[in-house]
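Below you'll find the structure I mean.
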Amino acid sequence: DNLGELGKSKYSAADELTPRRDVTQYNNFYEFGTSKDQPAINAGTLQTRPWTITVEGEVKKAQVFDIDKLLKMAALEERVYRLRCVEAWSMVVPWVGYSLAELLKRVEPTGNAKFVEFVSLHDPAQMPGQKAAVLDWPYREGLRMDEAMHPLTLLTFGLYGEVLPKQNGAPVRIVTPWKYGFKSAKSIVKIRLVEQQPLTSWMKAGPGEYGFYANVNPEVDHPRWSQAKERRIGEFLKRKTLMFNGYTDEVAALYAGMDLQRNF
Amino acid sequence: MTIKNLDNRGLVRVKAAVFLTALLPFAKLAVAAYADELGANPIEKMTHVTGFWALSFLLITLTITPLRRLSGCLWLMRLRRMLGVFAFFYAALHFATYLVLDQFFDWPAIAKDILKRPYITIGFSAFVVLIPLALTSNDAIIRRLGGKRWRALHRLTYPCAIAGVVHFGWLVKKDLTRPIMFALVLALLLGMRVAYRLAGNRTAHQKAV
């Protein structure tokens, strides 16, 4: 399951890595159950081959990509990213993948493409958590076009140098490190480029609690808990949460002039 | 000796068995903590486990009266106080986990939590109300207060249990299955009390007529 020779990235954080065991056994992936340990226990039923991603919508070249073709489409790099969950815990994960922009430019978005919608697999036989109506399945997430094209946004195939474990969103997921973890859709089967801002699963579930942007922001609390601090998995004392999860230099320009209290 | 009329020796045995059983969740948690088997986020795990058992023991305490009425086993009442004190024991562990492990005595953060976050406000209030109930759970104080006043005070268990269930329901991100299960059990237990009271009033009324 080794992904072979990996390029180094200038976007890697210097933080100490969270042990692989914690990264793969403490997961939010409601498709396999709502507790943290259930995804690792239940994800065995997920079939990651054959697997395709349909990329469609406001594009000149809509295409269906096979997962094995995707893996070879651009050079894989290792990116050490901080991951901040909306529940106020965090990890540091060495992901493997390449920028989503590599994929998007190949389908040639039209001028109408303002947003990108990600749709995860919907198959209760493979994803037993979908038998409960916890969320409106399939899981949907989205980004603004400039966020999706940002080099930090990673189309992710692996972690710790190996193929993604199923409980971490195999075979392919998104990682947007300056946003809360739920923005990073897992087990993606469809990417749609659209003109209108898509309605995401969490916005549907709790519009007052989960906004479209979901940028990590210590000054904008979740209505039911503070976002000022976080517990880094493996550490005892909480640490201060950083604006944009510490990626201000890279992404702050995307939100210049925007009221982040309102656009939470 | 039958199950209905337990003699003193029998009662002592039952009490010892209940005491040891009630300690099991704590023992299990302590062993897991010592063996570093509480998973990636041990503090969160400890908070959840102690909170779960505090609420469970509150509800178990509230099952004693209906159970006595249904079974006719009067000695069940002799277990109620111990079970109530265990509810307080787990609630105190729950609060201590929050105070020491989760917040590490960050008083400004704690004050902000209690004032601004409804689920913490209500959970903390319930814990504060449980304190006088635990302090008055011994024979000497019951005698000094008198049965009537003691019973009036300990009726605060009902709002505590309701507050506990609301606290749980308010904090989960999405999956309300477990809080709803607690709420259903509590509704049944409180509903039975209302039914007993209505039935009691009717009998009293008939007698008066």
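Keep in mind it's a predicted model, so treat the numbers as computed, not measured. Computed from heavy atoms alone, side chains included, the values below leave out hydrogens, waters and symmetry copies. Labels below follow one simple rule: chain letters A, B, ... track the order of the sequence lines, proteins then strands, and each chain is numbered from 1.
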Separation between CG of A/D221 and NZ of B/K112, rounded to the nearest 0.5 Å |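 The CG atom of A/D221 sits 5.0 Å away from the NZ atom of B/K112.
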Counting only heavy atoms not in A/R82, do more than 12 sit closer than 6.0 Å to its CZ atom?
->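 Yes - once you tally the heavy atoms of other residues, nucleotides and ligands closer than 6.0 Å, there are more than 12.
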Can you check whether anything in residues 23-57 of chain B gets within less than 4.5 Å of chain A, heavy-atom wise, and list it by number?
->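 If one takes a 4.5 Å heavy-atom cut-off, the residues of residues 23-57 of chain B near chain A are B/A40, B/N41, B/I43, B/E44.
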Checking A/V23 against chain B: side chain, backbone, both or neither under 4.5 Å from a heavy atom?
->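 Neither part.
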Is the closest basic N to carboxylate O distance between A/K238 and B/D102 below 4.0 Å?
->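 Yes, charged N to carboxylate O under 4.0 Å.
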Selection from A/T18, A/D22, A/L237 maximising heavy-atom pairs under 4.5 Å formed with chain B =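 Among A/T18, A/D22, A/L237, the one with the most close pairs to chain B is A/D22.
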Worked check of side chain to side chain contact (heavy atoms under 4.5 Å, CB included) between B/K116 and A/S226 = CA-CA 9 Å; B/K116 276 187 63 182; A/S226 168; over 6 Å; no
Contacts of A/E162 that satisfy side-chain contact (heavy atoms from CB on, under 4.5 Å) - sequence neighbours left out |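 Applying side-chain contact (heavy atoms from CB on, under 4.5 Å) to A/E162 gives A/R20.
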Would you mind reporting whether B/L101 and A/F236 have side-chain heavy atoms less than 4.5 Å apart?
->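 The answer is yes; the side chains approach within 4.5 Å.
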Heavy-atom distance under 4.5 Å to chain B: side chain of A/N28, backbone, both or neither?
->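 Side chain only.
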Heavy-atom distances under 4.5 Å only: say whether A/R231 touches chain B with side chain, backbone, both or neither.
->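 A/R231 touches chain B through side-chain heavy atoms alone.
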Assess whether atom CZ of B/F19 is packed by more than 12 heavy atoms of other residues, nucleotides or ligands within 6.0 Å.
->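 For B/F19, atom CZ is not crowded (no more than 12 foreign heavy atoms under 6.0 Å).
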Using heavy atoms and a sub-4.5 Å threshold, report which of residues 134-142 of chain A line up against chain B, by residue number.
->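 Within residues 134-142 of chain A, the residues under 4.5 Å from chain B are A/V134, A/L135.
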Should A/W202 and B/K173 count as side-chain neighbours, where that means a heavy-atom distance under 4.5 Å?
->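 They are in contact (side-chain heavy atoms under 4.5 Å apart), so the answer is yes.
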Kindly give the heavy-atom pair with the smallest separation between A/W225 and B/L171, and that separation in Å.
->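 Taking A/W225 first and B/L171 second, the nearest heavy atoms are CZ3-O, 4.3 Å.
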Give me the contact list for residues 176-193 of chain B versus chain A, heavy atoms only, anything under 4.5 Å, ordered by residue number.
->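 Checking residues 176-193 of chain B against chain A gives no residue, so none.
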Considering only heavy atoms, which portion of A/E235 lies under 4.5 Å from any heavy atom of chain B: side chain, backbone, both, or neither?
->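 Contact with chain B: none, neither part.
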